[in-house]
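Just below is one structure, and these are the notes that go with it.
Along the sequence shown, residues carry numbers from 1. Everything numeric here is computed off the predicted structure, so don't read it as measured data.
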Amino acid sequence: MSVDPSPRSWFERAIGACMSVLLAVVALYCATQVLQSILPFLIACVGVVAIIWAVWVVVQYRRDRY
C-alpha cells in the first residue's frame, strides 16, 4: 500500500473542486448550444414521423373496419 508523501492542502483541493465545476459548466454550455442548433431539425423529423404514423394508423383502421 503506497502512501502519498505530500498530502494535498485544503486550498489545492478547493482549487481542484472549482476547476471541476468550471469544466462541468463549460461542458453543459457546449451541450446546450449543440442541442439548440439541431433542435429545429429534430422537431421537423419528429413531426414527419408522427404524420406518417398517423396516416398508417388511419389506413389500418379503415382497412380493418370493412
Side-chain angles (χ1 to χ4, degrees):
M1 189 162 89
S2 67
V3 177
D4 190 12
S6 59
R8 295 172 51 185
S9 68
W10 67 270
F11 183 72
E12 289 176 355
R13 289 189 303 229
I15 293 297
C18 289
M19 293 304 282
S20 296
V21 169
L22 178 64
L23 183 63
V25 167
V26 168
L28 187 59
Y29 177 78
C30 290
T32 56
Q33 291 301 313
V34 168
L35 186 61
Q36 186 178 12
S37 68
I38 64 171
L39 193 59
F41 176 73
L42 289 176
I43 291 173
C45 288
V46 168
V48 168
V49 168
I51 290 171
I52 291 171
W53 177 77
V55 168
W56 182 78
V57 167
V58 168
V59 167
Q60 291 297 321
Y61 173 74
R62 291 182 58 100
R63 184 178 296 167
D64 290 341
R65 197 171 64 161
Y66 295 115

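Cluster annotation: Val48 is not connected to Trp56 through the hydrophobic network of ILVMFWY side chains, with a link wherever side-chain heavy atoms come within less than 4.5 Å.
Taking each heavy atom of Ser37 and Pro40 in turn, the nearest pair found is O-CD, 4.0 Å.
Note that CD1 of Ile15 is 11.0 Å distant from OG of Ser20, once rounded to the nearest 0.5 Å.
Through direct or relayed side-chain contacts under 4.5 Å between Ile, Leu, Val, Met, Phe, Trp and Tyr, Leu39 connects to Ile43.
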